[in-house]
Structure formats: structure tokens, C-alpha cells
Amino acid sequence: MDLAKQYNPKEAEEGHYQRWEESGCFKPETNQNPDAGKYSIVIPPPNVTGSLHMGHALQHTIMDVLTRRKRMLGFRTLFVPGIDHAGISTQKMVTDKLWAEEQKTPLDIGREAFTEKVWAWKEKYGGTILSQIRREGISVDWSREHFTMDEDLSKAVRNVFVTLYEEGWIYRGARIVNWCPNDRTVLSDLEVEDETKKDGKLYYLQYPVKGADLKLTVATTRPETMLGDTAVAVNPNDERFRDLIGKTVDLPLTGREIPVIADEYVDMEFGTGAVKITPAHDPNDYEMGLRHQLEELNVMNLDGTMNEAAGADFDRLDRYEARRKVVEKFRELGLLEKIDDHEMVLPVCARCKTVIETLVSEQWWVKMDEMRDLALKLKRETDYPRFTPHNPNTKVYTDWLENLRDWTISRQLWWGHQIPAWYDESGEVYVARSAEEAARKAGTDKLTQDPDVLDTWFSSWLWSFSTLGWDGETTETEDLRRYHPTDVLVTARDIIFLWVSRMVMAALKFVGERPFDDVYITGTVLAKDGQRMSKTKKNGVDPIEVFDKYGVDATRITLAGSSTGMDFAWRDEKVESYRNFANKIWNATRFCLLNSEGARVDPKSLSDPESIADKWIISRLNKTARDVNDALEKYAFHEAVQLLYHFFWDDFCDWYIELVKDEISDGDQSEPQAVAGGSDPKSAARTRIISILEQALRLLHPFMPYLTEDLWQKLPGVSSDLHNPAYASAPATVMLADFPKGEEALIDERAESEMGLVIELITRIRNIRAEMRIKASEKLDVHVSADDSGQRIFAENEAQILKLARAGRLHLGDGLNVPKASAKGVMTSGAEIAVPLEGLIDFEMERERLSAQINNLKTEGDKLGKQLSNENFVQKAPPEKVEAVRERMSEIETQLKALKENLEVLG
RNA sequence: GGGCAUAUAUGUCAAUUGGUAGACAGCCUCCCUUACAAGGAGGAAGUUGGAGGUUCGAGUCCUUCUAUGCCCACCA
């Protein structure tokens, strides 16, 4: 089999995803073991309007790594995909499109026609993100794909609504709310963001005091709201205004008179110490209005213009127009005291960034008390959910729950789950699961359904169980029983409140169990400049472009390797280096395949090592496997990636392949005999290396699914025999191969330390060669003085040492007998190396080399010497630490002694 | 205004319960050695943001300062 010299990601990705999907590998049913443990994850449903960004790619990679590993370990694994209908975003997108194409508004075409258009849009474009997700290679079960507006999920939503209503947790009421004049809907507190406005103004307006030649000055950032003022408040402890409390002021421009009231809330230090009170348009004023029974005078329309209550001069004027006009009129009346610059923070709509208004409006609410208490109790008693990283997420979650307020769930939109509430002609409300049920309850079918829809999160908070078949009527399904609670939720920090905490509450309330065991919160992928990626800054990195340039596998392992829970800046160089890693894997496989005649993958060959090198690489393999598993169990993705990278590149490629190259290469000596079973030494060695490679591919597979599958399929002798027993009957694929756990019996510390000596010797000789500027073609004579065991080890590996150090001869003994013109080195063990360099040596260079080494060792020795001469250290530190320092100290002394002698010989 | 996080080699980031600071990229030297130049061999580079403290020992724990970032909050 011929492999190209270079790895080509596109070709390596070709076809595999389709094959996996078609052969059913993504479905849990592919697991034939009735006693298998389960592992399940539900994907955080991306918005149907969305397109893939790096945050998705990161989360999806993490989830897929976890899922693929567990699947290979033999768990019955379910990874559920789906998308969210994203009420506001989607409605806006279709509204814009409607205007662009037909110059019509939703109102022009009506609710039914509009929602039809949204569905049509969804069918056409909603698949964009799904196809992008496929490209990522994630092993989700597409046969269980869900959409939050699917009929069964909608049914779940209606049932939850009705249940909460009947239990008294859902109510309808007029309260102060956040209103987006652009989207023309109410927003929950979590959908409002802050935006700092540096050029804000603080206007000082004067209100004449009734029956006195006095003016009371109030400061405001929103002068237009004065049209809705129903009081002025001062602090009761404020001496300046004591006499005014209880008096009234003339509210300019309106002809109304409003009282001066006293309230502790007023900050005496800010502004003038007197505050205009607009209960209908400010949350604090609203509260104060309730305390003092003030009238709530609504002066605004829902589109951000003033209404007739604002007075004829202002009716239908845009709010900012009205602001200018109010200020102008105050100026004309001589009642405008001054305008100060005032940096301020404005609340804006999280979606469209329009400055929101607060106004009093009739909405549906959920009282969260019971569910919050359920969640908090679980947190207190069992520290659930367990967040990774623990800090600060745990505290953020708990603090938020403790201060939880009622949730506004109605939205003035057409796209979403219409609220299952109907009104009769007298305005009486009937909450029901269907129009028929409402009619029965009302005793009439002359009912009108509430036009509003529910907050998008009112469907996504059911996601962990609604996707498994729970719809409120059917509350027990095979999938629920098997896969709920899910194992881990992987998501970004910004939806801990919006989604994570609400999922906990919903699952506890409706299913009576946790929605997931662990929560892994990923860091944020920042742009190259360390800033947040954003469309306006145009500093975003498109995952699809990265896939195209470097391949999906390189991108995935880059993301996993960067995932420590901290935020991290995106660097193309990083992917590039993992692309190079992919190329390394490709070429290592290419090498093995070029020398694979007579060999076939056989895991049993790994329990049958021949040489120290074999024992060593098998030990390294098993240790790596063990540590990778440990790392992934604790969500230490970067650690797992580092382990695999170094095992594959350093241990396997740089050392093992080089060590056994001659043994397995086609050469003049022993041709592999074409006997079955590969019993001749060459075939055995080939079988061994290809089997080690095969194990490595399995370990890498969760991170680099395409490349590993592509190469695995090319190995001789792969079949479903290599699968985890749970998948014995499935078509051969590395994704069902048994994931190596690392066998303790094959971890051989002695082989590792012996091989360590060989590696050190080779490295020292190479070092001498490089520093003495000896040409690569120059064969060296190497003399080594070592103890008996050292001599034995070096003798056993003589061929490899000669080859890798490019030496002609290796002289082993217990002493050195070499000419003065030699370059020398001392190993950690004290073994000495000498390379005679008659005619090649530069004595000055050699002196410098030895002196540098002496200096380094001296510095370290001085440090340790100090430590050892410290009574306190020797007495108080753990004995093994003291012993370790002593050992190192004696190594240093031995080496120093030898190096100094060598230096003296040079004169 | 509160709360939290981060500051480590030129850059991006690691460092298990305190125990001689690591990786990748970049940089320097040499090498197109038939798996791979997207490579190989060797090398240089850090008072771990500043200042104190605890300890035999501090990147790691405590105090404080500085810088940056995130979250929460009603300051008109």
C-alpha cells in the first residue's frame, strides 16, 4: 500500500463520516453488551440562525472526545444533537428578509403567513449549522436529532406551563419590565446587557414649589420621563429638604402637581439630593411608587415613542426627540439649571443592542421559589452540580440562585411556543393543554389564545429530558430510563444562569432527578489579540476556514490541547504545529506500512517484547494510556494531549522507530519469510511495531477521528476482532476499537531506566559531535567506562548506539584509556564517555565545553549543598526528600570530579 | 459599588497535595541521513508583575500594592 509523502487533511477526512453514520456506529444500539454501562451527553442546542464559531468547535470537540473514549471503552454511548428555535433572533432575521424582498412587515402578512415563512426559512437555512457540525466529526446520533419546536418538545412545554400554572407558580401580572422598543418585546433580566456610554449627560431640571418662591432641582439622565413623574423624593434625613416634605411642586409642561415625598432610598450625595419619581418607567421608582401608593403614569408607546399621556406636544414623538424637546422647553421656561457630562451605564437589548426602556406591562411570570429551593438544597447537601473548573463557577451558580427573582416568560413575538392560555369575551383566562380543553373549561369556544409566545429558554430548560422522550404525558421512556441523568454538560460560562441552573431546576421538578452529573465549563476562545472575538471588531476566526486550511483533526486536537478551563488566545501557529503532528502520524504509519510485509496487527505481540527497546516502548505506551485515561476522567484535556503528543513524537518516532529501523527495514539480510503468523524475527518485529502504532491510533482517535480512522483502515490485519467486545459484530472501525487502559503488568520501570541510560549515552555523544563541530559523516570511536550493569546494557544495545550516535566502534570497559586529544563527557550515573578526536579536536573549544558543564553542575551543587547543610531541612523535610537531594548531590560530585580531571588533562 | 479570576522564557500557555521551573512556536548552529524539510541532531533563553510575611523549602499558602479581564448590582 502506498501512502502519499505528505498528509492531506481533505483526503484523510473523505468519506469516513458518512460511513460511520450509515453503519450506525453513532447509535447506542450498536453496543451489543446488555450489561454495558451508559454514557450520555446532550449537546447545547445551537441557535437555528447561528453559524459555527470557535466556541462551538471547542465545546463539541470536548464532548466528542469524552463520548468517543467512553464508546471505545464499551459504554453504551448516546450523544444527542439538536437545535434551538431562538425566538427573537430568528423572527428578526425573517422579518428583515421579508422587508428586503417584499417591503412588508410581519403585521402586513399576518401571524399565520409569517410563521409559515419562518418555518420555510428554517427548512432552507436551518441546516447550515448542522452541516457544519457534521464536518467537525462529532459522533452524535442523528436519528435522535431534536428541534425545540418539534411537536413532542412543544407538548412538553405546554404541559410544563400548565402544571406550573395549576400549582400556582405561574401567574400573569402587570409589573415593571425590560422592554426592547426595536424588537417590541419584553426581555428577561438575563437578556439585558450593560453598555457604558461615555458621552452621557445629566440634566438638572427645576420644578417650582407650590406656594413658595422656590424651585426644587432634580437631576436626570432621561428628561423625557419627567412627563410621567408622579412625585419628587428626598431623603428624610436630608436637612436641606426637610421643610419641603409633604409639599407639592408644579410639574412643568404638564400642568400637573406632584407631591414631595421622603424615602430612605434617595442618595443625598448624588445629583441634587432630590429625585424625580417616574414609577411607570424606572424599576426603583416603581418600587418606591408601590411603597407610597403613587400613580403609575405610562407615557410611552411600545415602539419607543411617547403616547398621548405625555401631552399633545409629545404624543407620538420618538423618545430621543421628546428628550430634546423637553430640554428645549425647560430652557425656554428658564427652568433648565445646567447640563453636566455624565458617564453612565445603559441597559441594552442583548440581541439588537437597542437601549431598552423599563415600563409597566402585563406579562406572564414564573415564581421560582420551589425550584430554586430544590436546587439550593442539592447544592448544600451534595455540592451538586460539580463544576469543572470548580472556581469561580460554583460560587457564581450559588449566588445567582440565592438571589433569584421571578422569571418573565412571555415574549411579544410570533415565533415560538404560543402561550397555552385562552381568554373569553369577559377577559377571564383559561390555561389548558389545547384549545379544546380550554373550551371545555370555559364552557364556550368563543376564546382567544394569548398572542404571546414563551421565552426560548422555557423550552431549552427541558432539554436534558425532553430530547429523551419526556413530553409531560409520557413521562417514562426507554431512553429516559437508560440515558437520564446525562453524564456531563459541556458549555460556556455565559449560560450558567440562562441554561445550566434552569436545567437543574426543571429536571428536579419534573423528572425528580438531576439533569447531568458534571458540568464542564470551557474557557473562551479569544482572538489573536487577546480580545474577545466579535463581529464588529472583525477579529473572529472561522472554524470552517481553519478546517479547510489545517484539517479538522488538527483543529480538534488544538482546541482540546488548549482546554484548561482558562480563556486562551487563538494562534494559527498552534494549529500549524498540530497539523505537523498529524503529518508525523501519517508518515510514521507510512514507514510502518512500507515495512509491513509479513506483519499484521496483533495486540498479543505486545505481551511478548524481545529487546530492552521493545519493553521500553511497550511500557511507555501503557503508561501513556493509563495517564491519558486518568487525565480525561478529570477533564484535564490539555494534559491528555501533551501525553499523546510526546509519546507519539518523542518516544515512538524519534526513538523507537530509529532503534528498530534496521531490524524491520527491507535490507540485504533476513528477508521476512512468508510464513503465516510471522514467526521469523523480522516479521515479529514488524508485527510488534505496527501493533504499537495501532494502539497509539486508538488512543489518538477521540481527538483526531478522521486521520486515525483513515490510517487504521490501511493497517494489515485490522478487523472487528480489535473492537471492544461490545461491538464484536460491527464493521471494522477504529472508533469501536477497544480503548487502551494501560496494563500495569506491561509497565516496566527497569526497562525504562535502562533505556534511559542508552538514550542518555546517545544524546551525550551527539552533543559532543555537535559542539565539537564534527561532520555527520565522520564515524566516531566511542569509549565508555561504566559499571558492570552499565556495560551490560550498552553491550546489549551496541548496534543501536552505533547507529544513532553515528559511531564506528564502541569500547566498553571499567576505565578509560584514551589519548589526550579526546572529547569527554560524564553521564548522570557517573559513567564516563570519551571520543578520541586526533586531528579534529579544538582544545580551546573542548575546554570551554567542559567548563560550561562544570559551572552548571556547580551552581546546582551549591544550591543543594546549602540545603543539606541546613540542620532544619535535614531534620524537618520528609526523609525521602532528603535522600533524593543526597543522591543528586553525589551524582553531581561524581560528575564534577570526572569533568575536572578531564579538564586538567587538557592542561 | 461588590465578587471572582489572571499576571511564569520573545509569543501562546503548562506545572498533581508547597520539594532543583516545562511544552509548542520563534531564535542560534549543523544536516536535503531512502517514513516525514510540515523533517533530523544539538543549543541559548526565566530574580515566576512589585513589596512584605509564614516555612527547612514558595510559581504554589497569607497580607498588601499595581495591571488586565470577567461576573453581579437600582445609583437618578
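This is a predicted model, so every value here is computed, not measured. Sequence lines set the chain letters: A, B, ... in the order given, protein chains first and strands last, and positions in each chain run from 1.
The pair A:Arg291-A:Glu264 fails the salt-bridge criterion, with no side-chain N (NZ, NE, NH1 or NH2) lying under 4.0 Å from an Asp/Glu carboxylate O. Ionic pairing of A:Arg764 and A:Glu760 is present here: one or more N-O contacts between side-chain nitrogen and carboxylate oxygen are shorter than 4.0 angstrom. For A:Arg493 and A:Asp567, the salt-bridge test passes: some basic side-chain N is under 4.0 Å from an acidic carboxylate O.
If you check every strand for non-hydrogen atoms under 4.0 Å, A:Arg888 touches a base. Note on A:Thr763: only backbone sugar-phosphate atoms sit closer than 4.0 angstrom, heavy atoms only; bases stay farther off. In this structure, A:Tyr7 reaches the bases: a heavy-atom distance under 4.0 Å links it to at least one base atom across the strands shown. Across all strands, A:Arg806 comes closer than 4.0 Å to base atoms (heavy-atom distances). The residue A:Cys653 sits close to a base: some heavy atom pair falls under 4.0 Å. Here A:Asn403 lies out of heavy-atom contact (under 4.0 Å) with every strand. If you check every strand for non-hydrogen atoms under 4.0 Å, A:Tyr578 touches nothing. Nucleic acid contact for A:Val874: none, since no nucleic acid atom lies under 4.0 Å from a heavy atom of the residue. The residue A:Asn870 sits close only to the backbone: its heavy atoms come under 4.0 Å of sugar-phosphate atoms, none of a base. In this structure, A:Glu658 reaches the bases: a heavy-atom distance under 4.0 Å links it to at least one base atom across the strands shown.
Applying the salt bridge (Lys or Arg N to Asp or Glu O under 4.0 Å) rule to A:Asp189 yields the partners A:Arg405; only residues at least two apart in sequence or on another chain are considered. Applying the side chain to side chain donor-acceptor pair (under 3.5 Å) rule to A:Glu778 yields no partners; only residues at least two apart in sequence or on another chain are considered. With sequence neighbours left out, A:Trp407 forms a side chain to side chain donor-acceptor pair (under 3.5 Å) with A:Asp455. Among residues two or more places apart in sequence or in another chain, the ring-ring contact (aromatic ring centres under 6.0 Å, His included) test is passed with A:Phe652 by A:Phe648. Residues passing the side chain to side chain donor-acceptor pair (under 3.5 Å) test with A:Asp399 are A:Lys395, sequence neighbours excluded. Residues meeting the side chain to side chain donor-acceptor pair (under 3.5 Å) test with A:His646, sequence neighbours left out: none. With sequence neighbours left out, A:Phe637 forms a ring-ring contact (aromatic ring centres under 6.0 Å, His included) with A:Tyr520.
For the pair A:Pro279 and A:Leu297, the minimum side-chain heavy-atom distance is 4.5 Å or more. Under the 4.5 Å side-chain criterion, counting only non-hydrogen atoms from C-beta, A:Asn284 is not in contact with A:Glu287.
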Report each atom pair, protein N/O against N/O of nucleotides 58-64 of chain B, whose distance is under 3.5 angstrom.
none

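Regarding A:Lys779, its NZ atom lies at a distance of 14 Å from the P atom of B:rU33, rounded to whole Å. Taking atom NZ of residue A:Lys714 and atom P of nucleotide B:rA35, one finds them 19 Å apart after rounding to whole Å. As a whole-Å value, the separation of A:Leu868 CG from B:rG57 C1' is 12 Å. What separates CD of A:Glu883 from P of B:rU20 is a distance of 16 Å, to the nearest Å. Taking atom CG of residue A:Asp285 and atom P of nucleotide B:rA76, one finds them 11 Å apart after rounding to whole Å. Atom pair A:Glu269:CD and B:rG1:P shows a separation of 14 Å (rounding to whole Å applied).
Two residues, A:Pro9 and A:Lys876, neighbour RNA chain B, and the one matched to the more 5' nucleotide by heavy-atom proximity is A:Pro9. Residues A:Asn767 and A:Leu190 both approach RNA chain B. Their nearest nucleotides, taken by heavy-atom distance, put A:Asn767 toward the 5′ side.
Distances were taken from every side-chain heavy atom of A:His342 (C-beta onward) to each of B:rA76, B:rA41, B:rC36; the shortest belongs to B:rA76. Nearest nucleotide to the A:Ala588 side chain, out of B:rU20, B:rA35, B:rC24: B:rA35. Candidate nucleotides B:rG19, B:rC36, B:rA76 were compared by shortest atom distance to the side chain of A:Asn583, and B:rC36 ranks first. In the set B:rC56, B:rC71, B:rA35, B:rC71 carries the atom at the smallest distance from any side-chain atom of A:Phe497. Comparing B:rG42, B:rC24, B:rG40 by their closest approach to the side chain of A:Ser577 singles out B:rC24. Each of B:rG3, B:rU33, B:rC56 was ranked by its minimum atom distance to the side chain of A:Lys395; first place goes to B:rG3. Between B:rG19, B:rA23, B:rA35, one nucleotide has an atom nearer to the side chain of A:His646 than all others, and that is B:rA23. Checking B:rA76, B:rG19, B:rA35 against the side-chain heavy atoms of A:Val275 singles out B:rA76 as nearest. Among the nucleotides B:rG42, B:rA76, B:rA35, the one closest to the side chain of A:Ile657 is B:rA35.
Only the C1' atoms considered, B:rC28 is 34 Å distant from B:rA67, to the nearest whole Å. Taking atom P on both B:rG26 and B:rA15, the two are 23 Å apart, rounded to the nearest angstrom. To the nearest whole angstrom, the two C1' atoms, one in B:rC30 and one in B:rG19, are 38 Å apart. Only the P atoms considered, B:rC4 is 26 Å distant from B:rG53, to the nearest whole Å. Rounded to the nearest Å, the gap between the P atom of B:rU10 and that of B:rA45 is 12 Å. On the C1' atoms, B:rU16 is 12 Å away from B:rU60, given to the nearest whole Å. Using atom C1' as the reference point in both B:rG46 and B:rU20, the two lie 15 Å apart (nearest Å). If you take atom P in B:rG49 and the same atom in B:rA58, they sit 15 Å apart, rounded to whole Å.
An OP1 or OP2 oxygen of B:rA35 is reached within less than 4.0 angstrom by a side-chain nitrogen or oxygen of A:Lys661. Under 4.0 angstrom from either OP1 or OP2 of B:rG39 there lies at least one side-chain N or O belonging to A:Asn580.
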Subject >> Intra- and inter-strand pairs of RNA chain B in dot-bracket (Watson-Crick or G-U wobble, both distances under 3.5 Å; | for another strand) >> reply: (((((((..((((.....[..)))).(((((.......))))).....(((((..]....))))))))))))....
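Sorted by first then second residue, the salt bridge (Lys or Arg N to Asp or Glu O under 4.0 Å) pairs that include residues 877-889 of chain A, not counting sequence neighbours, are A:Glu860-A:Arg888, A:Arg888-A:Glu891. Pairs passing the salt bridge (Lys or Arg N to Asp or Glu O under 4.0 Å) check and including a residue from residues 584-596 of chain A, sequence neighbours excluded, do not occur.
Note: A:Trp400 and A:Phe497 have parallel aromatic rings, judged against thresholds of 30 and 60 degrees for the angle between ring planes.
Remark: A:Lys866 fails to qualify as a cation-pi partner of A:Phe873 under the 6.0 Å distance and 45° angle criteria applied to the six-membered ring.
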Original post:
Tell me, for nucleotides 12-17 of chain B in 5' to 3' order, what letter each nucleotide earns: B for a base near a protein heavy atom under 4.0 Å, S for only sugar-phosphate near one, - for neither?
Top reply: SSSS--
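Applying the 3.5 Å distance criterion, the base of B:rC36 shares a donor-acceptor pair with the side chain of A:Lys584.
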